[in-house]
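As C-alpha cells, the structure follows; a few thoughts come after it.
Heavy atoms only: backbone and side chains are in, while hydrogens, waters and symmetry mates are out. Values in this document were obtained by computation on a predicted structure and should not be read as measured data.
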Amino acid sequence: MPVLITVLVAVAAAILSWIGATCYCKKVASTKIGNAEDKARQIIDDALKTVESEKRTLEEEKRKSLLDLKEESIKSKNELDKEIRERRNEVQRMERRVLAKEEALDKKVDAVERKEQSYNSRLDDLNRKRAEINELHEKQLLELERISGLTSEQAKECLLKSVEDDVKHDTALMIKEMDSRAKEEANKKAKEYVVTAIQKCAADHVAETTISVVQLPSDEMKGRIIGREGRNIRTLETMTGVELIIDDTPEAVILSGFDPIRREVARIALEKLIVDGRIHPARIEEMVEKAQKEVETNIREEGENATLEVGVHGIHPELVRLLGKMKFRTSYGQNALKHSIEVAQLSGLLAAEIGVDVRMAKRAGLLHDIGKAVDHEMEGSHIQLGVELCKKYKEGPVVINAVESHHGDVEPTSLIACIVQAADTISAARPGARRETLETYTNRLKQLEDITNSFKGVDKSFAIQAGREVRVMVVPEKVSDDDMVLLARDIAKQIETELEYPGQIKINLIRESRVADYAK
C-alpha cells in the first residue's frame, strides 16, 4: 500500500506539473502574440506611410517627366519645321538649276542639229567631189596605160619586182655582212675555247664489237663445254642469252650477242667454269648466278669511279648504277660511259673558260646520255628517257634542260646546256671516236644530195669529204649572186631539220657563167 500511494502521489504531481507548465506556456505565448501583433500593426503603419510618401514622389516625378516630354516635343517640332523649310528651299534651288540645265541642253541640241545639217551638206559635196576624183583617176589610168602600153596590173608587177630585187639585194648584203662579222668574232673565241678544252682533255678510244673471245687451255676443253649431246652449251646459251661459236679457231671460243652485259656475264661464267673444270648444267647455273652478281657489282663500281673521275658528287645511287651500266652500251662503236666522262670533262673545261658553274656543267655533261642505259629496255628515245630519269631522281632544271636539248630537240635555256651540246659534238666528231657502217654513210650522202637538189635553181650537188661538205652547182639564169646567200641559208636550215650528224656540214654554192665565141 505505501508503494501504491507513492506512485499515485507521483502521478498526481506529474499531472499537476504538466498542467502548470501548460498554463505558463499559454500565458507566455499569448504575451508574445500580443507583442507580435503590436509590432505588425506598427510595421504596417510605417509601410503605409512609406508607400504614401513614395506615391507622392512618383506623382511629382511623373509631372516633371510630362513637362520635360512636352518641352522636348515642342523643341523637336521646331527643329523639324526648320529642317523642312531648309529642304524645301534646297529643292527649289535644285529645280531652278535643273530648269537652267534643260534650257542649256535644248540650246546645245539645237546647235548640234544645225551642225549635223551642215555636216550632211558637206558630206554630200564631198561624195560628189570623190566621185569626180575617181572618174578623173580612171581617166588618168587609162591615159597612162595608153601612153605606156602597160596595164595597171603589169605596172604594179614591174614596180613590185623592182622593189623586191632591191630589198633582196639589201637583205643579202646585210646577212653577208652580219654573218662575216659574227663569224670573225665568234669563230675566234670559239676556236680558242674549244682548242683549249681539247688540249686539256686526253681521252682514249676503244673500238667496241659485238663478240667476245674466251681463250681455252686446250682444244679438249671444247668438248667438255659442248657436253653430252650438247646439253652444256645449250644450258649456257639459255642462261645467258648469248650464242657460243665453237669453230676451228684453236684454243678459243667466240661469244656472240648484241647485249654487252649478257656477253660479259657469259664470258665471266665461262672463264670460271674453265678454271673450275667441273662443267655440267647445275654448275653452269651456279656460275652464271655468280657472274651476274659480279657484273652488277662491277656496274656499280664503274658508276662510282666515273663520278669520282669527273668530280661530281651527290648523284642518286640509281643514277650512279645506270652510269656504270653505260659501260656496256655503245653508240657508233663509241663506249657510252667513256663518251659521257669525256663530255663532262670538256663541259667543265669550257665552263671554266667562259666563267659559269663548272660543277653543274660537269654534272650535266655526265648525265646527258643517261637515257642510253635503258633505251634498249623501254620505249622512247634516249633523250625522253633521260629526262624522265632525271626528273624521277630529283635533278635540277639546268641538268634536265641540258639532257633534252643536247641534240637540239628543244631550245637550250641556259649557257650550260649550250656548253653540253658543244662538248657532245666535240666528243662525237673527233677523229677515231665513232665509226659508221657503209650503209649509214652512203644513206647520209644520198640524203644530203637529195635535200640540196630539191631547191629551185639547183643544177647538181655533190657530197664530198665524207659528208662534211656539199657543193651545189646553181643555174646562173635562175639564181643571182644575192639569191645565193639566201639559198645557202635555206639549204643549211633544211639539213639541220632533216638530218642527224656529228660536227658540221659546209654548204658551198657555185655559180658560173661561161660565154664562148670564135674569131674567124
Side-chain angles (χ1 to χ4, degrees), residues 3-127 314 390-401 413-414:
V3 175
L4 181 62
I5 294 170
T6 303
V7 172
L8 292 173
V9 171
V11 170
I15 292 169
L16 290 174
S17 298
W18 180 77
I19 293 171
T22 303
C23 292
Y24 178 75
C25 289
K26 287 182 178 180
K27 186 177 179 179
V28 171
S30 61
T31 304
K32 289 182 178 180
I33 290 169
N35 293 333
E37 290 177 351
D38 294 337
K39 287 183 179 180
R41 282 194 295 273
Q42 186 176 357
I43 290 169
I44 291 169
D45 294 337
D46 294 338
L48 290 172
K49 290 178 181 180
T50 304
V51 169
E52 289 178 357
S53 63
E54 289 180 353
K55 186 176 181 182
R56 286 193 296 274
T57 304
L58 290 172
E59 288 178 354
E60 290 177 358
E61 290 179 355
K62 183 177 179 182
R63 285 195 297 274
K64 289 181 180 179
S65 299
L66 291 173
L67 291 174
D68 293 337
L69 288 173
K70 287 180 180 180
E71 290 178 356
E72 288 181 0
S73 63
I74 292 169
K75 185 176 179 181
S76 299
K77 184 178 180 182
N78 292 334
E79 291 178 354
L80 184 60
D81 292 339
K82 182 178 179 181
E83 185 177 356
I84 289 172
R85 286 194 298 273
E86 291 178 354
R87 293 285 181 87
R88 188 178 292 114
N89 294 332
E90 185 178 356
V91 169
Q92 291 175 356
R93 287 194 299 272
M94 291 178 67
E95 287 178 353
R96 287 195 294 273
R97 285 200 299 271
V98 169
L99 291 174
K101 288 183 178 180
E102 286 181 354
E103 292 176 357
L105 185 60
D106 291 336
K107 292 179 181 180
K108 289 182 179 179
V109 169
D110 294 338
V112 168
E113 289 178 353
R114 289 194 297 272
K115 289 181 179 179
E116 186 177 359
Q117 293 175 357
S118 175
Y119 172 76
N120 290 332
S121 63
R122 290 181 180 180
L123 185 61
D124 294 336
D125 294 339
L126 183 61
N127 289 331
C390 290
K391 289 180 179 178
K392 181 179 179 181
Y393 296 111
K394 311 300 182 186
E395 287 295 328
V398 175
V399 175
I400 293 173
N401 177 252
T413 59
S414 65

Does some side-chain heavy atom of V91 sit less than 4.5 Å from a side-chain heavy atom of R88?
no
Smallest separation among heavy atoms of E395 and I400, with atom names
O-CD1, 3.6 Å
Just wondering, do K101 and L105 contact through their side chains at under 4.5 Å, heavy atoms?
no
Look up atom NZ in K77 and atom CD in E79, then write down how far apart they are to the nearest 0.5 Å.
13.5 Å
Has the side chain of N401 got a donor or acceptor atom that lies under 3.5 Å from a matching backbone atom of P397?
no
Please identify each residue that fulfils side-chain hydrogen bond (donor to acceptor under 3.5 Å, both in side chains) with R96, with sequence neighbours left out.
none
Got a second to check how far D46's CG is from Q42's CD, nearest 0.5 Å?
5.5 Å
Taking CZ in R41 as the centre, count heavy atoms belonging to other residues, nucleotides or ligands within less than 6.0 Å. Is the count above 12?
yes
Any chance you could measure K107, atom NZ, to D110, atom CG, to the nearest 0.5 Å?
10.0 Å
CZ/R97 to CD/Q92 distance, rounded to the nearest 0.5 angstrom?
12.5 Å
CZ-CD distance between R85 and E90, expressed to the nearest 0.5 angstrom:
15.0 Å
When rounded to the nearest 0.5 angstrom, what distance separates OG1 in T50 from CG in D45?
10.5 Å
For E83, what residues pass the side-chain hydrogen bond (donor to acceptor under 3.5 Å, both in side chains) criterion, not counting sequence neighbours?
R87
